[in-house]
2 protein chains.
Amino acid sequence: MRPERPAPLAKQGRGPSMHDVAARAGVSHQTVSRVLNDFPGIRPETRERVQAAIRELGYRRNMAARALATGRSEVIGVIMPEVPHFGPTSTLYAIEHAAKQVGFKPLITTASWDSESMGEALDFLLGRAVDALVVMAQHPDVLAAVDAITDVPVLFVLTGNSHAERSVAVDQVAGTRLALDHLYSLGHRRFQHITGIAGLTEAQLRRDTFLEFLDEHGLERLPVLEGDWSADAGYRAGLEVEEGVTALFVANDPMAIGAIHALEERGLSVPRDISVVGFDDVPESAYAHPGLTTVHQDFAAVGLRAVSLVFAAINGKEPGPVEPIEPWLVVRDSTAPVRA
Amino acid sequence: MRPERPAPLAKQGRGPSMHDVAARAGVSHQTVSRVLNDFPGIRPETRERVQAAIRELGYRRNMAARALATGRSEVIGVIMPEVPHFGPTSTLYAIEHAAKQVGFKPLITTASWDSESMGEALDFLLGRAVDALVVMAQHPDVLAAVDAITDVPVLFVLTGNSHAERSVAVDQVAGTRLALDHLYSLGHRRFQHITGIAGLTEAQLRRDTFLEFLDEHGLERLPVLEGDWSADAGYRAGLEVEEGVTALFVANDPMAIGAIHALEERGLSVPRDISVVGFDDVPESAYAHPGLTTVHQDFAAVGLRAVSLVFAAINGKEPGPVEPIEPWLVVRDSTAPVRA
DNA sequence: CGGGTGAATGTTACCGTCAACATGTTATCG
DNA sequence: CGATAACATGTTGACGGTAACATTCACCCG
């Protein structure tokens with residue numbers, strides 16, 4: 001199962017074309033085209049005849065030909081990270097749904113953030129004449145790799161609002177502060193943080209904001225624990241949480257769940273001994289044990305807004321600056337006031 | 001943001017074509033084509049010159065034209081359910097990865113299982129001249145809706161091995177029996193089940209097998225609790241679990257997590273008072289509280305095998321019957337021997 | 001009642017690529 | 001040394017649509 005080059009080509013007889021329909025309806029192929037595209041000035045009776053022919057032949061428009069002639073494909077290219085985490089996946093679904101509403105479909109490809117991988121992804125999508133590009137730019141390098149593209153409108157997503165220019169994102173700084181303010185207001189003063197994958201913009205923003213917050217409040221900087229978004233990593237990091245820490249801010253929910261598991265194994269009770277806040281609000285977090293306090297990110301809104309902007313750009317309207325999407329805090333049982 | 005018909009067409013100047021490259025390299029466009037497609041019999045020096053021209057112009061093959069000329073698009077159409085659950089999503093990623101290895105990419109669309117929605121999805125994908133179709137057929141009706149398609153190889157996925165014909169699936173009956181045998185061997189005799197979305201093949205198979213199992217062992221049929229795959233539904237169902245039940249088989253992990261939450265709220269301890277088995281083995285299940293015993297489904301294998309079969313079919317090789325993919329049981333802490 | 005007008009439809013060229021066939025150019029060999 | 005492969009490349013015509021322009025016809029009006 002390796003990539004063959006001159007592929008055997010299992011010639012599958014093509015379906016009927018416009019000409020076939022035209023012949024059957026006794027009109028010219030152009031008239032068929034006009035019916036298909038809802039052009040005015042077709043006699044109802046003619047339209048009827050054409051539509052009948054279409055139905056009878058089971059005709060289906062060839063979008064490759066249409067794309068060739070018009071230069072448009074009604075497809076939006078989407079570049080995703082290679083690992084299917086909750087955020088990208090949710091956003092993808094939202095994009096798919098929103099795109100469908102306006103007659104577009106996504107053409108998906110995955111890429112890591114090195115420029116070679118991105119280059120391949122771009123070649124693939126642009127070669128398909130996608131009408132626009134939505135790039136999940138979780139890593140700063142991605143922006144550079146895509147920068148040269150001018151063939152087509154490009155929109156970045158999941159950039160943590162660090163590149164407001166052409167990007168739709170949940171405000172990571174605001175989300176992080178929501179979590180930390182909550183813990184601080186419960187009286188906690190000894191904080192630790194478990195990060196997401198090093199280098200990813202969102203992980204970096206949460207981490208930087210965490211450290212900023214500590215400094216602002218004159219709190220001690222305990223070691224930051226490195227994670228990779230996975231529950232496994234959260235578990236391992238949870239084993240390393242320092243004695244005396246009462247507030248643990250974890251960069252996403254799965255890691256938080258892993259970490260809580262580790263803490264309990266160590267005999268620490270959440271939230272009695274230590275409060276934990278996650279990030280994302282995955283559906284299971286409400287039923288974790290204890291229910292996980294977390295920052296909700298509205299990925300559906302991200303997808304919707306992304307498509308709406310992309311659609312505007314495709315139609316030549318250049319919209320104004322984009323506001324970040326505001327996250328909100330969901331307080332559950334994994335956080336409690338610090339013990340006296 | 002509604003679907004406009006005659007769309008304004010933001011004319012974006014097209015990129016260079018083969019002719020431009022040919023002119024620059026001082027050869028004919030056909031020679032360019034040959035270089036691009038790795039045809040033999042090109043003088044190395046000529047090849048060099050063409051490749052230089054390609055690089056200099058930033059030429060990119062127009063796949064719409066290629067698709068039109070060859071009738072192939074190197075794209076696999078994928079029809080997904082509208083709600084992004086773990087199984088379909090994981091499978092999608094696996095398909096994307098496997099497809100990439102053989103030079104294909106997925107074109108995704110979602111559809112519910114009614115024939116109208118499926119019809120639209122099919123029109124869209126076949127209009128794009130996809131080379132093959134992978135349909136996530138979670139509902140029996142889907143099979144009927146897609147049945148008429150002969151233009152292109154079609155493969156079903158996630159059918160729970162109920163339609164072995166043209167389908168790749170994890171064996172649901174086997175998986176269910178793994179879970180139930182485990183519980184039975186621990187001494188449990190009072191079972192209850194929380195189902196997935198009514199009507200979906202996988203949910204149905206798990207449920208039917210559950211009932212069969214009860215009958216085979218002469219166990220009482222307590223009411224089956226209706227769920228919908230969501231942790232929420234699991235929680236609600238968990239509130240309804242009957243007194244005296246010691247073994248709860250839940251149709252997926254998120255619902256199991258929700259159910260456990262409900263049981264603990266009711267003062268029942270898992271696994272002391274009641275053992276719970278889930279299905280799917282989502283990554284967080286290992287760190288649920290208690291660690292969830294569950295049936296692991298290898299979605300990566302499903303995706304891989306699906307692509308491999310589809311690829312074979314595209315190249316005209318009709319492969320033999322497909323073996324189902326075997327799930328396995330992962331025993332963790334949510335199951336224990338029944339108390340004496 | 002002839003020309004103008006607009007509605008309905010037809011004709012032709014072109015989008016960028018591949019496939020089939022045609023041509024030109026070297027080596028090869030009797 | 002001329003016929004003849006074998007190789008390297010060029011030319012032409014699909015593929016199935018869309019767009020621009022051309023045509024036909026009926027009708028209206030001065």
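You won't find any donor-acceptor pair under 3.5 Å spanning the side chain of A:Arg60 and the base of D:dG16, going by distance alone. Put simply, the side chain of B:His29 and the base of D:dT11 share no donor and acceptor less than 3.5 Å apart.
Nearest-nucleotide mapping onto DNA chain D: of A:Asn62 and B:Val27, the residue sitting toward the 5' end is B:Val27. For the pair B:Ala64 and A:Gly41, nearest-nucleotide mapping onto DNA chain C gives the more 5' position to A:Gly41.
To the nearest angstrom, P of C:dG16 lies 13 Å from CG of B:Leu57. If you take CZ of B:Arg47 and P of D:dC7, they are 15 Å apart, rounded to a whole angstrom. If you measure from atom CD1 of A:Ile42 to atom C1' of C:dT9, you get 8 Å, rounded to the nearest angstrom. In this structure, the CZ atom of B:Phe39 is 20 Å from the P atom of D:dA6, given to the nearest Å. Atom-to-atom, CD of A:Glu74 to P of D:dG17 comes out at 14 Å; the value is rounded to the nearest Å. Following rounding to the nearest Å, A:Leu68 (CG) and D:dT18 (P) show an atom-to-atom distance of 11 Å. Between B:Arg34 atom CZ and D:dC7 atom P there is a gap of 14 Å when expressed in whole angstrom units. Whole-Å rounding puts the B:Gln30 CD to C:dT23 C1' distance at 14 Å.
Look at A:Ser33 and you'll find a side-chain N or O under 4.0 angstrom from OP1 or OP2 of D:dT18. Distances shown here put a side-chain N or O of B:Arg61 below 4.0 Å from the OP1 or OP2 atom of C:dC18. Dashed line: the shortest gap from a side-chain N or O of A:Arg66 to OP1 or OP2 of D:dG16 is not under 4.0 Å. In this structure, B:Arg43 reaches the D:dT9 phosphate: one of its side-chain N or O atoms is under 4.0 Å from OP1 or OP2. Between A:Asn37 and D:dT18, a side-chain N or O to OP1/OP2 separation shorter than 4.0 Å is present. A close approach under 4.0 Å does not occur between any side-chain nitrogen or oxygen of A:Thr70 and OP1 or OP2 of D:dA19.
The number of heavy-atom neighbours closer than 6.0 Å to CD of B:Glu56, taken from other residues, nucleotides and ligands shown, is above 12. The number of heavy-atom neighbours closer than 6.0 Å to CD of B:Glu82, taken from other residues, nucleotides and ligands shown, is above 12.
With no hydrogens or angles considered, a side-chain donor-acceptor pair links A:Glu96 and B:Thr110 at under 3.5 Å. Looking only at atom types and distance, the side chain of A:Thr89 has no donor-acceptor partner in the side chain of B:Thr89 under 3.5 Å away.
Between A:Phe311 and A:Phe104, the two ring planes are perpendicular [angle over 60°; tilted spans 30° to 60°].
If you check every strand for non-hydrogen atoms under 4.0 Å, B:Thr31 touches sugar and phosphate atoms only.
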Please test B:Leu36 against B:Arg61 for side-chain contact (heavy atoms from CB on, under 4.5 Å), starting from the C-alpha separation and ending with a verdict. CA-CA 9 Å; B:Leu36 248 31; B:Arg61 225 209 209 87; 3.9 Å; yes

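Of the residues in residues 17-24 of chain B, those lying under 4.0 Å from DNA chain C by heavy-atom distance are B:Ser17, B:Met18, B:His19.
The residues B:Glu74 and B:Arg66 are annotated as salt-bridged, a charged nitrogen and a carboxylate oxygen being separated by less than 4.0 angstrom.
Using a 4.5 Å heavy-atom cutoff, the side chains of B:Val152 and B:Asp131 are not in contact.
Listed nucleotides: C:dT9, D:dT9, D:dG17. Nearest to the side chain of A:Tyr59: D:dG17. Nearest nucleotide to the side chain of A:Thr46, out of C:dA8, C:dG16, C:dA20: C:dA8.
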